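Notes follow the structure.
To find a chain, count down the sequence lines: A is the first, B the second, and so on, and within it residues start at 1. The analysis underlying the following values was restricted to heavy atoms, covering all of them including side chains, and did not include hydrogens, waters or symmetry mates. Just so you know, these numbers come straight off a predicted model, no measurement behind them.
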Amino acid sequence: MRILKPEDFESKDTPRLARALLGKFLVREFRGKKRRFMITETEAYDGPFDRANHAHKGKTSRTGVMFGPSGRWYVYLVYGMHEMLNLVTGPEGYPAAILIRGVKEVSGPGRLTRVLRITRALNAKVFTKENGLYIVDIGAPVLSSKIVATPRIGVSYAGPFWSNKPYRFFIAGL
DNA sequence: TAAGTGATCTCT
DNA sequence: GAGATCACTTAA
């Protein structure tokens, strides 16, 4: 078992990283309790040209964290009530992130953050054990035949080219 | 199918 | 400052 490091997400191949995150475990240490959840669904938001990516219009106070180095959390509020958990990827200056949409037994990005008690307090925090939210690899890769890729959810505003890209990944049959 | 909810961004 | 929009969930 290995705790992943910020440098493990420096690649610009965001879809590949998103796919590789499946089967890893999200570990939440909160108020003295530690819980592990297997990541089962992710989405890639890949760089400045991806029109579905919040950062495609440039750096703002919200999206600035995506332009920084990999391995930070990007947490934002959507629809007035749901916090979304993303892991920033790519080298400094390349805005990209992976939305963690689901873990085993918890489907949906809004429910995930509610169950794990994740809020914007974690936004821009480095992904470490000290911050109470990190990822471990238990060394059990997911069979590629079990991984399904589809278009991302809720991004029709990005136009057909970007909204149809198969940047959503999940483990079939859970 | 649509309401709920508030931060963010794009105009004035 | 106002108005539209939004990487969702739940109840009907």
Side-chain angles (χ1 to χ4, degrees), chain A residues 6 9 11-24 26 28 30 35 37-90 93-127 131 133-135 147-172 174:
Chain A
F9 295 92
S11 166
K12 281 189 176 179
D13 190 345
T14 319
R16 186 183 63 75
L17 291 176
R19 194 177 190 283
L21 213 45
L22 298 177
K24 305 288 190 290
L26 188 61
R28 179 62 166 141
F30 186 74
R35 291 183 293 170
F37 302 85
M38 187 172 80
I39 297 170
T40 56
E41 183 179 353
T42 60
E43 275 178 4
Y45 288 86
D46 184 24
F49 304 110
D50 178 0
R51 288 182 55 200
N53 185 352
H54 289 161
H56 96 275
K57 288 182 183 168
K59 193 190 275 192
T60 67
S61 57
R62 178 173 64 149
T63 63
V65 63
M66 277 199 272
F67 289 81
S70 61
R72 318 245 170 148
W73 297 112
Y74 168 45
V75 185
Y76 67 91
L77 187 73
V78 73
Y79 298 117
M81 49 182 92
H82 305 294
E83 318 261 357
M84 300 286 105
L85 174 66
N86 299 254
L87 178 61
V88 173
T89 62
Y94 184 83
I98 297 167
L99 171 64
I100 300 181
R101 288 191 62 89
V103 295
K104 196 168 184 185
E105 329 253 271
V106 187
S107 299
R111 298 183 62 209
L112 165 66
T113 54
R114 198 179 69 201
V115 170
L116 303 206
R117 313 294 282 266
I118 290 163
T119 69
R120 282 160 288 166
L122 278 162
N123 184 50
K125 292 274 199 295
V126 185
F127 139 38
N131 284 325
L133 185 66
Y134 57 99
I135 296 169
I147 296 178
V148 183
T150 75
R152 294 169 289 186
I153 304 296
V155 297
S156 54
Y157 61 86
F161 181 81
W162 290 103
S163 64
N164 288 329
K165 280 209 174 279
Y167 280 3
R168 169 178 175 239
F169 304 92
F170 63 92
I171 303 175
L174 291 180

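For residues 148-162 of chain A, the side-chain hydrogen bond (donor to acceptor under 3.5 Å, both in side chains) pairs, not counting sequence neighbours, are A/Asp50-A/Arg152, A/Thr150-A/Arg168. Each side-chain hydrogen bond (donor to acceptor under 3.5 Å, both in side chains) pair with one or both residues in residues 57-68 of chain A, not counting sequence neighbours, appears once here: A/Thr60-A/Thr63.
Every residue meeting the side chain to side chain contact (heavy atoms under 4.5 Å, CB included) condition with A/Leu116, not counting sequence neighbours, appears here in chain and number order: A/Leu26, A/Arg28, A/Phe37, A/Leu112, A/Ile118. Evaluation of the salt bridge (charged side-chain N to carboxylate O under 4.0 Å, His left out) rule for A/Arg120 yields A/Glu83 as partners, not counting sequence neighbours. Residues meeting the side chain to side chain donor-acceptor pair (under 3.5 Å) test with A/Arg72, sequence neighbours left out: none. The ring pair (Phe, Tyr, Trp, His ring centres under 6.0 Å) check on A/Tyr76 picks up A/His54, A/Tyr74, with sequence neighbours excluded. Partners of A/Arg101 under the salt bridge (charged side-chain N to carboxylate O under 4.0 Å, His left out) rule, at least two apart in sequence or in another chain, are A/Glu41, A/Glu43.
As judged by a 4.0 angstrom heavy-atom cut-off over every strand, A/Met81 is placed among the base-contacting residues. Here A/Arg62 lies in heavy-atom contact (under 4.0 Å) with sugar-phosphate atoms only. Note on A/Arg168: nothing from the nucleic acid sits closer than 4.0 angstrom, heavy atoms only. In this structure, A/Gly80 reaches the bases: a heavy-atom distance under 4.0 Å links it to at least one base atom across the strands shown.
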May I have the step-by-step check of side-chain contact (heavy atoms from CB on, under 4.5 Å) for A/Tyr94 and A/Asp46, ending in yes or no? CA-CA 9 Å; A/Tyr94 184 83; A/Asp46 184 24; 2.7 Å; yes
Please report the C-alpha distance between A/Val103 and A/Val115 in whole Å, then the side-chain angles of each, then the deciding distance to 0.1 Å, and finally whether the side-chain contact (heavy atoms from CB on, under 4.5 Å) criterion is met. CA-CA 11 Å; A/Val103 295; A/Val115 170; over 6 Å; no
Intermediate values then yes/no, side-chain contact (heavy atoms from CB on, under 4.5 Å), A/Thr40 and A/Phe170: CA-CA 5 Å; A/Thr40 56; A/Phe170 63 92; 5.9 Å; no
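Scanning DNA chain C 5' to 3' for nucleotides with an atom closer than 4.0 angstrom to a non-hydrogen atom of chain A gives a first and last hit of C/dC6 to C/dT10. Here the range on DNA chain B touched by chain A, meaning any atom under 4.0 Å from one of its heavy atoms, is B/dG4 to B/dT10.
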Give the dot-bracket string for DNA chain C, reading 5' to 3', where a pair is Watson-Crick or G-U wobble with both distances under 3.5 Å, ( ) marks pairs inside the strand, [ ] marks pairs crossing earlier ones, | marks a partner on another strand, and . marks unpaired. ||||||.||||.
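A side-chain contact (heavy atoms from CB on, under 4.5 Å) with A/Leu85 is found for exactly one of A/Leu133, A/Leu99, A/Leu122, namely A/Leu133.
Checking side-chain atoms of A/Thr42 against main-chain N and O of A/Ala18 turns up a donor-acceptor pair under 3.5 Å. The backbone N or O of A/Pro6 sits less than 3.5 Å from a side-chain atom of A/Ser70, completing a donor-acceptor pair. A donor-acceptor pair is defined here as one N or O able to donate and one able to accept, closer than 3.5 Å; no such pair exists between the side chain of A/Thr14 and the backbone of A/Tyr45.
Across every non-hydrogen atom of A/Pro109 and A/Met84, the tightest pair is CB-SD, 3.6 Å.
The stretch residues 93-109 of chain A comes close to DNA chain C through A/Leu99, A/Arg101, A/Gly108, A/Pro109, each having a heavy atom under 4.0 Å from the strand. Contacts of residues 41-57 of chain A with DNA chain B (heavy atom under 4.0 Å): A/Lys57.
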